[in-house]
Asks: 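Dropping the structure in here first, questions after.
Values below: every heavy atom of this structure, side chains too, minus hydrogens, waters and symmetry copies. Counting convention: from 1, in listed order, for ligands and their atoms alike.
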Amino acid sequence: MKNVYMDYAATTFVKPEVLEEMLPYFTEKFGNPSSFYEVSRITSKAIDDSRAKVAKAINAQTSEIYFTGGGSEADNWAIKGIASAYKNKGNHIITSKIEHHAVLHTCEYLEKQGYEVTYLDVDSEGFVNPEDVRNAITDKTILVSIMFANNEIGTIEPIKEIGAICREKKVLFHTDAVQAIGNIPVDVEDMNIDLLSLAGHKIYGPKGIGALYIKKGIRIHNLIHGGGQERGRRAGTENIASIVGIAKAIELATENLEEHMNKMTNLRNRLFEGLLKLPHTTVNGPMGDKRLPGNVNVKFRFIEGEGILLSLDFEGISASSGSACTSGSLDPSHVLLAIGICHERAHGSLRLTLGDSTTQEDVDYVIETVPPIIERLRKMSPLWDDYNKKGEV
Ligand SMILES: *Cc1c(COP(=O)(O)O)cnc(C)c1O
């Protein structure tokens, strides 16, 4: 049977070159980096080298990179750590309505602790307006957190402009760049970024490892207390193999970035072109170079995404729908609702995210497979029936 994986925004496989670099750190190179003998010097050097690789990929200094237990932890640490360290300055945080839950739920938690959070609206393509950020800043604002690129609809936010406004207003700026790293250029210096989150398993590295970039001089409180690892800022014996893995993954991803972007953009455009030939089918998110190269998200009117996913799964295609990513939830995605799509239409959305193993043949297979599924599901849909009897209501 066909096996076409098109859910790279959910997770990626680990590249063989990455795994190969990781393996010795499970067996012969197992020393605790905090100890004082040769086997621990080997692991502590591996961590230093990895930190330098991650720093280089985003144009940071090595000392500004801290390893975490994933993207969610990096987001939690950035927001809770800054909120706590700067609470004497103010209690106001600005974010957007389309952030990942690792940011949104952290902000909701802080609201319960007495912080005030502004959730900025986005436009119909998912863009945050930098002027809205400027207008939301008050003398109590301590942090702005806006994602670099959206995981559902691929919108690439005007990060450099938002960063410049935060610098001007002397407010710290955090960005969740989990989907951006390895897919588009990221430069913390040029883009005025103070804190940046990234994760291993979205860039062909292992799961359960991430990093937070913290610009030199920024005060932040710890999320994890304990030993003195990560220069006293993140306790716990280091996940050395995964640290080596995320560093190798980010190195490979940034080395081949342009080639990867061109390949993904071409495949994405071909897939869009094929799918948009279907009647009553439209794009979610922007088109062109302000969209993540490998992200396709379309809505098919009069049907439910769950039905599409089941049928696609039956044909060997792994994709994701317009429902919240928590499995079993039938709530429409908060991102699709925020760009102004109503519940019914949000449900009929399909996200296909492309990656390293995706071929033109895969894209063509999806283009052939989807139309008869949509046709069949519409035939069973009371909404479609209504539309044909009464026209647009
Ligand atoms: C996947 C993802 C996260 C969470 O990262 P984990 O490593 O799975 O915790 C955060 N933000 C975005 C935008 C993501 O896509």
Side-chain angles (χ1 to χ4, degrees), residues 5-14 18 54 58 65-80 95-109 119 122 126-128 145-157 159 162 174-184 186 193 195-213 223-224 234 236 239 241-243 245-247 249-250 253 264 284-285 291-297 319-327 333-336 338-339 351-355:
Y5 181 78
M6 287 206 183
D7 205 14
Y8 279 94
T11 197
T12 64
F13 59 88
V14 173
V18 171
V54 174
I58 61 170
I65 303 298
Y66 298 85
F67 292 109
T68 68
S72 298
E73 186 189 318
D75 284 341
N76 270 259
W77 183 15
I79 297 169
K80 290 175 187 168
T95 187
S96 84
K97 288 188 178 162
I98 64 162
E99 298 298 311
H100 190 272
H101 283 144
V103 167
L104 283 179
H105 291 167
T106 301
C107 288
E108 286 161 17
Y109 163 80
Y119 299 92
V122 293
F127 290 107
V128 171
S145 180
I146 302 290
M147 72 198 318
F148 206 116
N150 185 267
N151 44 307
E152 291 187 38
I153 56 173
T155 312
I156 301 170
E157 300 295 344
I159 290 304
I162 295 170
H174 166 250
T175 187
D176 173 341
V178 171
Q179 293 287 337
I181 300 284
N183 287 313
I184 48 172
V186 174
I193 298 165
L195 301 114
L196 177 143
S197 307
L198 52 96
H201 74 107
K202 308 283 175 79
I203 56 169
Y204 310 92
K207 296 168 181 49
I209 185 78
L212 182 64
Y213 152 78
L223 188 67
I224 312 283
R234 200 277 187 183
N239 185 351
S242 291
I243 287 173
I246 193 176
I250 203 167
M264 290 301 114
N284 291 324
R291 182 181 198 104
L292 281 177
N295 176 292
V296 169
N297 193 320
S320 138
S321 80
S323 293
C325 52
T326 18
S327 60
S333 120
H334 65 285
V335 176
L336 297 178
I339 60 172
R351 180 186 75 176
L352 297 153
T353 43
L354 319 181

Asks: Determine whether the side chains of S197 and D176 contain a donor N or O and an acceptor N or O closer than 3.5 Å.
Replies: no
Asks: May I ask you to test the V296-M6 pair for a side-chain heavy-atom distance under 4.5 Å?
Replies: no
Asks: Kindly write out the residues that satisfy side-chain contact (heavy atoms from CB on, under 4.5 Å) with T353, not counting sequence neighbours, or none if the list is empty.
Replies: D7, Y8, A9, N295, R351
Asks: Start with the C-alpha gap between L292 and I156, add the side-chain angles, then the distance that decides, and say whether side chain to side chain contact (heavy atoms under 4.5 Å, CB included) holds.
Replies: CA-CA 7 Å; L292 281 177; I156 301 170; 4.3 Å; yes
Asks: Identify the protein atoms, limited to N or O, that lie within less than 3.5 Å of an N or O atom of ligand 1, and list each pair with its distance to 0.1 Å.
Replies:
from: ligand 1; atom 1: 7 (O); to: G71; atom 2: N; distance (Å): 2.8
from: ligand 1; atom 1: 7 (O); to: H201; atom 2: NE2; distance (Å): 3.3
from: ligand 1; atom 1: 8 (O); to: H201; atom 2: NE2; distance (Å): 2.9
from: ligand 1; atom 1: 9 (O); to: G71; atom 2: N; distance (Å): 3.4
from: ligand 1; atom 1: 9 (O); to: S72; atom 2: N; distance (Å): 2.8
from: ligand 1; atom 1: 9 (O); to: S72; atom 2: OG; distance (Å): 2.7
from: ligand 1; atom 1: 11 (N); to: D176; atom 2: OD1; distance (Å): 3.4
from: ligand 1; atom 1: 11 (N); to: D176; atom 2: OD2; distance (Å): 2.6
from: ligand 1; atom 1: 15 (O); to: Q179; atom 2: NE2; distance (Å): 2.7
from: ligand 1; atom 1: 15 (O); to: K202; atom 2: NZ; distance (Å): 2.7

Asks: Walk me through it: do F67 and I246 pass the test side chain to side chain contact (heavy atoms under 4.5 Å, CB included)?
Replies: CA-CA 10 Å; F67 292 109; I246 193 176; 3.9 Å; yes
Asks: Run the numbers on Y5 and T11 for side chain to side chain contact (heavy atoms under 4.5 Å, CB included), then give the verdict.
Replies: CA-CA 10 Å; Y5 181 78; T11 197; 3.7 Å; yes
